[in-house]
Protein chains: 2
Amino acid sequence: MDFTDVSLVALRVFQEVAERGTLTSAAASLGYTQSAVSRQIASLERAAGGPLLERRRDGVRLTAAGHVLLRRAAVVLEQIDAAGRELAGLPADAGAVRLGWFASAGGALVPAAVAALRRTHPGITVTSREGSTPVLVRALRAGTLDLVVVASAPPFRPPDTGSPPLELRTLSERGLLLAVPATHPLAAEDSVDVADLRGQRWIAGHSGDDKLMGVWPGLDERQEIAHTARDWLAKLHLVAAGCGLTTLPPSLLPVVPPGVRVVTVRGGPSEQRRILLAWLPGKLTKPATLLANALSAVGPA
Amino acid sequence: MDFTDVSLVALRVFQEVAERGTLTSAAASLGYTQSAVSRQIASLERAAGGPLLERRRDGVRLTAAGHVLLRRAAVVLEQIDAAGRELAGLPADAGAVRLGWFASAGGALVPAAVAALRRTHPGITVTSREGSTPVLVRALRAGTLDLVVVASAPPFRPPDTGSPPLELRTLSERGLLLAVPATHPLAAEDSVDVADLRGQRWIAGHSGDDKLMGVWPGLDERQEIAHTARDWLAKLHLVAAGCGLTTLPPSLLPVVPPGVRVVTVRGGPSEQRRILLAWLPGKLTKPATLLANALSAVGPA
DNA sequence: GAAGTCCATGACGTCCACGCATACCAGACA
DNA sequence: TGTCTGGTATGCGTGGACGTCATGGACTTC
């Protein structure tokens, strides 16, 4: 089979696989069987004349050829969707941005920026989804998102090593904070010493690999994790209820509920956190630029 | 069926139909049955939610929706082809131009320009085909050609009324000429009077509608057509053999064979002929620009 | 009116892509 | 070492999509 008549569903499947990282989850997300996805990819690879995915233990990764195809496929599918909208009579929707953000940006940064943008440019419609950095970056490369907000910790490596390299803009860089119950002894001062953190009870997240997310970094491994919660609202109210401590990205400062005291930690290595804006070079539409500026404006606040 | 999973072959069929102007000839060109093409289009129209083609006596014409789709489809198919080349290891071929030209530009103008371009920019590969103005213009709009050379006669209407309007550049504007056998009485002078052309024997072309192509325009209908020939080489040698007269576009002056004398005609309405370069706005690649300049350089010669 | 153009459509056959079930492979863990 | 749990690949049967063939309808041309 020639490459000239691959099926569009195959391309869409491929895009989803590239974004998800496994055939199985792509299948689930598309409402297909894993077997169907496997076959689609196989047929695509036959058409392409070589492997597009590198099979690994925990899923798949794109080969060089895969990256090549993904870039083209994103354009193709975008054109098809645009054609569909246009033919349906909708006005080509040139004023849409698709934003991705990591969890703690959803508390204040993203809502504030979107609200500000709606005030200054009511014509722009922003859609967004939450996700982890790798998920968001893959979505960016797959052409499913236009702009993402991700976090970065020392040593501040770029969010991926793909090609072409992502365009980055630092929204803010501030020190990591500590959330303690207002009733806790450590809440007495504006600042606590890192030595005082040993032996505390912690509220951790469990977002993927980083099992110690929420525990102050650099402490030894034997910390007591009293609770785990993915949701910031839950975590903060667990803190307020005196159930333990947790780390707090500065971006959530404006939305800390009563009963929680936020302090800085002195001593120990630098625990700066950057919030980065990332996008694909050359793919920044006008609405996306405006949204990026709105995010920059509220970022340092 | 949703529009999101139309088949690429359907798009390719649609593109070919748009370019050919009839389902039947598109089918022939693609190696399909006319019925298959008819079904493909029907299914595309079902997916699009409305007619894409306006059925007329002599074929089909694009509706507004059809134009919308054609523009998108051209991008899609180009991306797919580019992906195919890239995956096959070919170097993305950024240095290619596809040129279209009307018959009499093939005698000297196109060969000279292509040769000049090859001298100055050996990296650019030009491919080209000959065709009538409507064929070339449709191919331009279908995304099959990047640049076309067409002729235009008074009152110099644009080559089509489509949207967006084509970008045009006039390569040259000169008066129509008359080719006469060197042995003919009219060959005595550099210039003959239009009144002397009555009652001559003519060598006409039969390219499509214009049955009188080759006969000096404005004469009454009752001219004797001694021979018809599509090919310029044949026409010119028929003239050299004394078989009759024919009109000659100035662009062929450099390649007139011995035995043929070229003269101007005085009296009668203006018979200027323009040679135009046309392309789709925004679609002029760098190699295409260079070819356009090369054509401009030899155009007035 | 006969012949030619065009496009549409009913009746079929073939093939492809799906789901299901299963096989396979590697790591985690008791 | 066996078993469980992620992953991906594949044999098999079925339904639908997409071809061809043949025919029909609308219209122009001779």
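Each chain gets a letter, A, B and so on, in the order its sequence line appears, and its residues count up from 1.
Residue A:Leu30 contributes atom CG, which lies 15 Å from atom C1' of C:dA17 at whole-angstrom precision. Distance B:Leu23 CG to C:dT9 P: 12 Å, rounded to the nearest Å. Taking atom CG on B:Asp58 and atom C1' on C:dG4, their separation rounds to 14 Å, with Å as the unit. Rounded to whole angstrom, the span from the OH atom of B:Tyr32 across to the C1' atom of D:dA17 amounts to 13 Å. Spacing between atom CZ of A:Arg46 and atom P of D:dT10 amounts to 11 Å, rounded to whole angstrom units. To the nearest angstrom, C1' of C:dC6 lies 16 Å from CZ of B:Arg20. What separates CG of B:Leu44 from P of D:dC18 is a distance of 11 Å, to the nearest Å. The separation between B:Ile41 atom CD1 and C:dC7 atom P is 10 Å, rounded to whole Å.
Listed for the A:Arg138 side chain is no donor-acceptor partner under 3.5 Å among the backbone atoms of A:Glu16. Checked by atom type and distance alone, the side chain of A:Gln15 pairs as donor or acceptor with a backbone atom of A:Ala142 at under 3.5 Å. A donor-acceptor pair is defined here as one N or O able to donate and one able to accept, closer than 3.5 Å; such a pair exists between the side chain of A:Ser7 and the backbone of A:Val9.
In plain terms, the two heavy atoms of B:Phe3 and A:Ala83 that are nearest each other are CE2-CB, 3.8 Å. Between B:Leu145 and B:Gly100, the shortest heavy-atom contact is CD1-CA, 3.8 Å. Here the shortest heavy-atom pairing between A:Ala151 and A:Thr133 reads O-OG1, 4.2 Å.
Nearest nucleotide to the B:Val9 side chain, out of D:dG19, D:dT10, C:dG19: D:dG19. When distances are taken from the side chain of B:Gln40 to each of D:dA9, D:dC18, C:dC7, the shortest belongs to D:dC18. Closest approach to the B:Ser35 side chain among C:dC7, D:dT8, C:dT9 is made by C:dT9 (side chain taken as heavy atoms from C-beta onward). When distances run from any side-chain atom of B:Arg57 to the nucleotides D:dT20, C:dC7, D:dC27, the shortest one goes to D:dC27. Minimum atom distance to the side chain of B:Ser38 is reached by C:dT9, of the listed D:dT8, C:dT9, C:dG19.
Residue A:Gln34 is classed as a base contact, given a heavy-atom separation below 4.0 Å to a base. If you check every strand for non-hydrogen atoms under 4.0 Å, A:Arg39 touches a base. Nucleic acid contact class of A:Thr24 (heavy atoms, under 4.0 Å, all strands): base.
Between A:Arg98 and A:Glu78 no salt bridge is recorded (no basic side-chain N to carboxylate O distance below 4.0 Å).
For the helix from C:dG1-D:dC30 to C:dA30-D:dT1, the rotation axes defined at the first and last 5 base pairs enclose an angle of 10°, given to the nearest 10°.
In this model, the phosphate group of D:dT20 is approached by a side-chain N or O of B:Thr33 to a distance below 4.0 Å at OP1 or OP2.
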